Amino acid sequence: MARKNRKYGANGEGLSLTSMMDMFTIVLVFLIKQVDSEGNLLTQAENLKLPISTSLKTSKEIALTVVVDSKQILVDNEAVAETPAVAKQDSLMIASMIPALEKKREEEKKSALAKGDEPDQAGNVIVQLDKNTSYDVMYKVMASCGWAGYTNIAFAVIMKNAE
Amino acid sequence: MAQKKFKYTEPDLLPVMNLFSVLIPFLLSISTFQKLGIVEVTLPERSDMVMNEDPPEPDDQALNLTVAVTNDYLQIVARGGMMPMIFYKEMWTFRCKSDNDTTTIDPKTLGEVKEDGTFTNPAKCKDGKETNKYEIEQVHLWTLLKQTEEDVGVPVTSLYAKDDSAYVDGNNEFITSRNGIQVGSVIQTLQESSARKITAEKLAGMKLAPRSAYDELAKSLIGIHTRFIDAPDADNIIVLADDNAIFDKVISVMDRARDSGFWKISLAKLGG
């Protein structure tokens, strides 16, 4: 008999969720703050490990993202070239990458004109390279970006000792 | 007056709980706990990439500082002079996913790298999984002391803090033994104004480790930056790297250059 009374809801009360709610509210506020302070200008692509660096700079402006992982090169999330093929080629320019970059550059110029900004400003690009990519591939990607008008090049890194 | 009797009931929190349990996984999924930063570089210096044809007049006062990164050594080259080569032995640390153990291997024993990043003679984890070039966790450059270029060289060790920063003495020379270092003695790292009294905890964390060629490079660069602070291009540095140098190595060299005061970094290709 006594045992039966101990069961939840025996007296018409539900499970008390107040303490759990308190906890959830704190977690929620923390997460919202975390996401908010970071901004989403730069998100790490999947399938690659970024190098760790002591750099303290963060991206301030919206920039085109080029991702180079072990398999392919992506311009704004669209695959344009295969990394092993790029490593093998002799030419400094990645032929299949340039049209995609130039198209993006044209779009950026158009929107700059529409906003009344100077359209000929150097384009910004953030290159996310896997930390074990060879310098040769990295150099070819940089050269192609420069050729297409993206001359402000930055590499994405994971901050060391980030607070 | 008959007062209506108020009976306390808990508010129904279930809908709020539902909302929370959706929001929390969502926010967790979009937030990253590693903070992403950027490293800015200027475009490679190469004739076919520079738009204006005339190269700038060579400046007699300019420092023209360059760091060459090859497979065997790092070398600093500046106006009309070369610093001695910093020879190193490259070591790769892999982390096995199965047991979370790290192994540090000489890459020369792994053979050739194939297209997909596997090696012809790979090392194996305990569960039999082969190491892959894209799973290198860390690249170490162990400084070698060589008398001649043909010499095999002997690895040198120096004193490191627990967080892997190298200790130096008052003359900015690496400390090679624990002798004479005790609680209360003041030593510094390569960073500016880093002289600190050693606490018991720090003393316990100290270790003699293979000296990193990056630290050797940083030491030389700091010296150069203080000596040539008046040069018109005192903040500029060009990093020249070999084709198969991996990106992590280049970033580490760039980090050391920036931390030594050379923050305008350009990249160029060795022999390109």
Side-chain angles (χ1 to χ4, degrees), chain A residues 13-14 16-18 20-21 24-25 27-28 31-32 34-35 38 40 42-44 48-59 63 69-71 84 87-88 92 126 129-139 142-143 145-147 151-163, chain B residues 9-14 16-17 20-21 23-24 26-28 30-44 46 48-49 51 69 113 115-117 132-139 163 241-252 254-256 258-259 267-270 272:
Chain A
E13 302 164 359
S16 171
L17 296 173
T18 318
M20 199 168 174
M21 283 281 298
F24 270 23
T25 317
V27 174
L28 195 68
L31 283 175
I32 289 176
Q34 176 100 4
V35 170
E38 244 167 48
N40 262 348
L42 191 57
T43 41
Q44 187 178 348
L48 88 173
K49 284 188 210 154
L50 292 176
I52 297 170
S53 161
T54 53
S55 172
L56 295 173
K57 271 194 181 156
T58 49
S59 58
D69 62 23
S70 59
K71 297 198 178 65
K88 263 195 239 155
L92 192 62
I126 293 178
L129 281 142
D130 188 283
K131 70 181 191 178
N132 298 319
T133 317
S134 66
Y135 186 71
D136 186 42
V137 173
M138 160 189 170
Y139 199 83
M142 276 179 74
C145 289
W147 182 259
T151 45
N152 285 344
I153 299 175
F155 296 109
V157 289
I158 291 171
M159 278 188 193
K160 201 181 180 181
N161 310 326
E163 272 133 42
Chain B
T9 46
E10 260 198 65
D12 186 11
L13 294 175
L14 272 178
V16 190
M17 283 287 298
F20 275 19
S21 35
L23 266 178
I24 287 179
F26 168 70
L27 284 174
L28 263 178
I30 64 165
S31 68
T32 44
F33 294 95
Q34 283 167 329
K35 205 163 179 202
L36 293 191
I38 55 168
V39 174
E40 282 173 338
V41 288
T42 33
L43 267 189
R46 211 184 133 111
D48 57 0
M49 294 186 53
M51 298 301 172
V69 183
V113 184
E115 219 171 72
D116 56 350
N132 185 300
K133 182 189 165 215
Y134 289 97
E135 284 167 6
I136 303 173
E137 175 130 325
Q138 223 184 341
V139 176
D163 65 346
D242 198 78
D243 266 358
N244 50 18
I246 67 174
F247 181 52
D248 198 39
K249 202 155 109 182
V250 181
I251 283 283
S252 299
M254 282 161 72
D255 272 357
R256 297 309 164 108
R258 196 183 43 251
D259 293 345
L267 292 169
K269 211 167 174 173
L270 205 62

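Side-chain atoms are counted along with the backbone in the values below, which use heavy atoms only and exclude waters and symmetry mates. In this text, all values refer to a predicted model and were calculated from it rather than measured experimentally. Numbers restart at 1 for each chain; the letters A, B, ... are given by sequence-line order, proteins then strands.
Contact of A:Lys88 with chain B is made through the side chain alone, with heavy-atom distances under 4.5 Å. Looking at B:Val250, only its side chain comes within 4.5 Å of chain A, counting heavy atoms on both sides. Of the atoms belonging to B:Asp259, it is side-chain heavy atoms, and not backbone ones, that fall under 4.5 Å from chain A. Both the backbone and the side chain of A:Met21 come within less than 4.5 Å of a heavy atom in chain B.
Annotation: side chain of B:Glu135 is not in contact with side chain of A:Asn132 (no heavy-atom distance under 4.5 Å). In this structure, the side chains of B:Phe20 and A:Thr25 come closer than 4.5 Å at one or more pairs of heavy atoms. Counting heavy atoms from C-beta outward, A:Asp130 and B:Phe247 have side chains that stay 4.5 Å or more apart. Counting only heavy atoms from C-beta outward, the side chains of B:Leu28 and A:Leu31 approach each other to under 4.5 Å. Taking 4.5 Å as the limit, every side-chain heavy atom of A:Tyr135 sits out of range of all side-chain heavy atoms of B:Val69. You'll find the side chain of B:Leu36 reaches within 4.5 Å of the side chain of A:Ile158, heavy atoms only.
Options A:Pro84, A:Ala156, A:Ser70 differ in how many heavy-atom pairs under 4.5 Å they form with chain B, and the most are formed by A:Ser70. Counting heavy-atom pairs under 4.5 Å between each of B:Val39, B:Asp248, B:Val139, B:Ile246 and chain A puts B:Val39 at the top. Counting heavy-atom pairs under 4.5 Å between each of A:Asn152, A:Val137, A:Leu129 and chain B puts A:Leu129 at the top. Residue with the most contacts toward chain A among B:Asn244, B:Ile251, B:Ile136, B:Asn132: B:Ile136 (heavy-atom pairs, distance under 4.5 Å).
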Working for side chain to side chain contact (heavy atoms under 4.5 Å, CB included), residues A:Ile52 and B:Gln138: CA-CA 10 Å; A:Ile52 297 170; B:Gln138 223 184 341; over 6 Å; no

Given B:Ile38 and A:Ile126, is the side chain to side chain contact (heavy atoms under 4.5 Å, CB included) satisfied, shown in steps? CA-CA 8 Å; B:Ile38 55 168; A:Ile126 293 178; 4.0 Å; yes

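B:Asp163 contributes atom CG, which lies 7.5 Å from atom NZ of A:Lys160 (distance to the nearest 0.5 angstrom). Considering CE of B:Met254 and OG of A:Ser53, their distance stands at 8.0 Å, rounded to 0.5 Å. Taking OG from B:Ser252 and NZ from A:Lys131, the interatomic distance works out to 9.0 Å, rounded to the nearest 0.5 Å.
Pairing each heavy atom of A:Leu28 with each of B:Ile24, the nearest pair is CD1-CG1, 3.9 Å.
Taking 4.0 Å as the cut-off between side-chain N and carboxylate O, A:Asp136 and B:Lys269 count as a salt-bridged pair.
Scored by the side-chain hydrogen bond (donor to acceptor under 3.5 Å, both in side chains) test, A:Lys57 finds B:Glu40 as partners (sequence neighbours excluded).
Residue A:Lys49 places its NZ atom among more than 12 non-hydrogen atoms of other residues, nucleotides or ligands, all under 6.0 Å distant.
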